[in-house]
Every structure is written in structure tokens, then in C-alpha cells.
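Keep in mind that what you see is a predicted model, and the values were worked out from it rather than measured. Quick note on labels: first sequence line is chain A, next is B, and so on, each numbered from 1.
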Amino acid sequence: MAYWLIKSEPSAYSWEQFKKDKKTQWTGVRNYAARNNLRDMKKGDLAFFYHSNVGLAIVGIAKVVKEAYQDPTTAEPAWLCVDFAPVKDLNKPVSLVQIKNDPILNNMDLVRLQRLSVGKVTEKEFVRLCELGEFAV
DNA sequence: GCCAACGTTGGC
DNA sequence: GCCAACGTTGGC
């Protein structure tokens with residue numbers, strides 16, 4: 001089991017919309033580092049859902065329901081997408097400020113690689129985020 | 001709205 | 001293959 005973090009601007013695709021949809025194709029990734037993370041995802045892996053630009057917080061958790069396949073929004077074979085389904089809300093959103101101020105979390109991909117839209121989350125980071133989000137799997 | 005970070009492009 | 005220019009992302 002691996003853990004991930006996916007970013008979305010609420011104005012483009014929000015957590016609320018995701019919950020309504022019950023399932024979504026995570027398309028449009030055009031960055032190799034992010035693509036590699038998508039490729040490495042396994043069915044059942046969990047991914048934190050982060051609101052960028054507006055919100056600046058992790059608001060929920062999703063799971064991989066379909067592993068990487070050709071991104072249907074492009075003909076270029078280099079690009080992949082996966083399908084996610086929402087699992088649940090965090091009881092308390094975990095803000096970027098909290099993450100930056102937390103000694104366990106301040107080295108996350110999210111902080112270190114600011115522009116990476118699909119990042120890895122370590123087991124330690126996952127456990128800490130569960131604490132701060134008052135969330136249990 | 002600004003600007004730093006950083007990935008990509010293209011000339012040489 | 002290097003590196004300057006440029007575009008995009010995302011926090012502030």
C-alpha cells in the first residue's frame with residue numbers, strides 16, 4: 001500500500017464536485033515526474049486531495065480504483081491517467097501552513113516540489129496527516 | 001497581481 | 001549537450 005497526494009484548484013475540480021461524481025478520471029497531467037507517480041499507483045492506494053490556490057489545505061482522501069491507462073484527453077502515448085473514488089472527508093482540513101510548521105510534514109513533496117501536481121506521501125507523513133486531520137482509515 | 005520556482009523549448 | 005528564454009504553476 002502506497003500513499004499519494006493529488007492537487008486540484010477548486011475552481012477547476014473541487015472535492016465537493018468529486019464527491020458528487022463518486023468517481024473521476026484524473027486526466028491532464030503533463031509533467032513527467034507526476035506521470036511517473038500516476039504510473040506507480042496500485043488499485044487500493046490512498047491519495048490525499050489537496051486544494052491549491054484557493055483553500056490551501058488537504059480536505060479529503062481518495063482511493064485508486066483503476067490503475068494507470070492512456071489519458072483519453074490526448075493522443076500522445078506518453079501521458080497516463082488513473083481513476084479515483086472519494087473515500088471520506090478529513091474531520092479537520094490540514095492546511096499548508098500546518099504542514100510547513102510540522103517537523104514531520106515539512107519535507108513532503110507538496111512543500112519541496114511546489115509545482116508537482118501528483119506527489120508521494122510516506123507512511124510517516126500519512127500517519128501524521130491522519131492525526132492532524134482527525135481521521136482514521 | 002506579483003513573483004519565485006522550475007520544467008520545457010530551441011538556438012548554437 | 002549546454003544554457004538562455006520563456007511559459008506555467010501556485011503561494012503570498
Problem set entry | Residue pair A:Asp102 / A:Gln98, side-chain donor-acceptor N/O under 3.5 Å | no

Polar atom pairs between nucleotides 4-7 of chain C and protein, under 3.5 Å, N or O only, would you list them?
| residue | atom | partner | partner atom | Å |
| --- | --- | --- | --- | --- |
| C:dG7 | N2 | A:Arg115 | NH1 | 3.3 |

Problem set entry | Proximity to the side chain of A:Ser52 - top-ranked nucleotide from C:dC12, B:dT8, C:dG10 | C:dG10

Exercise. Between A:Arg112 (CZ) and C:dG11 (P), how many Å, whole number?
Worked result: 16 Å

Problem set entry | A:Val121-A:Leu56 co-clustered via ILVMFWY side chain contacts under 4.5 Å | yes

Exercise. Does a side-chain N-to-carboxylate-O contact under 4.0 Å join A:Glu16 and A:Lys19?
Worked result: no

Problem set entry | Rounded interatomic separation in angstrom, taking CE from A:Met108 and P from C:dG11 | 13 Å

Problem set entry | A:Ser117 side-chain proximity, nearest of C:dG10, C:dC12, B:dT8 | C:dG10

Exercise. In whole angstrom, what separates A:Leu116's CG from C:dG11's P?
Worked result: 12 Å

Exercise. Tell me, which pairs form a ring pair (Phe, Tyr, Trp, His ring centres under 6.0 Å) where one or both residues lie in residues 97-137 of chain A, sequence neighbours left out?
Worked result: A:Tyr3-A:Phe126, A:Phe48-A:Phe126

Exercise. Got A:Asn37 and A:Lys120 here, is their nearest side-chain heavy-atom distance under 4.5 Å?
Worked result: yes

Problem set entry | Side chain to side chain, A:Arg30 and A:Thr73, heavy atoms closer than 4.5 Å | yes

Exercise. Once you round it to whole Å, what is the distance between P of C:dT9 and CG of A:Leu96?
Worked result: 18 Å

Problem set entry | A:Lys7 NZ - C:dT8 P separation (whole Å) | 17 Å

Exercise. Are A:Trp4 and A:Phe49 close enough that their ring centers fall under 6.0 Å?
Worked result: no

Exercise. How close or far is atom C1' of B:dT8 from atom OH of A:Tyr32, stated in whole angstroms?
Worked result: 10 Å

Seminar exercise, completed: If each end axis of the helix from B:dG1-C:dC12 to B:dC12-C:dG1 is fitted on five C1' pair positions, the angle between them, to 10 degrees, is 10°

For this session: Compare all side-chain heavy atoms of A:Leu132 with those of A:Leu105 and state whether any distance is below 4.5 angstrom.
Result: yes

Exercise. Is A:Leu113 touching bases, backbone alone, or none of the nucleic acid, heavy atoms closer than 4.0 Å?
Worked result: nothing

Problem set entry | Minimal non-hydrogen separation, A:Val64 against A:Lys42, with atom names | CB-O, 3.4 Å

Exercise. Within this structure, what is the NZ-to-P distance between A:Lys100 and C:dG10, rounded to whole angstrom?
Worked result: 13 Å

For this session: To the nearest Å, give me how far apart CZ (A:Arg30) and P (C:dT9) are.
Result: 11 Å

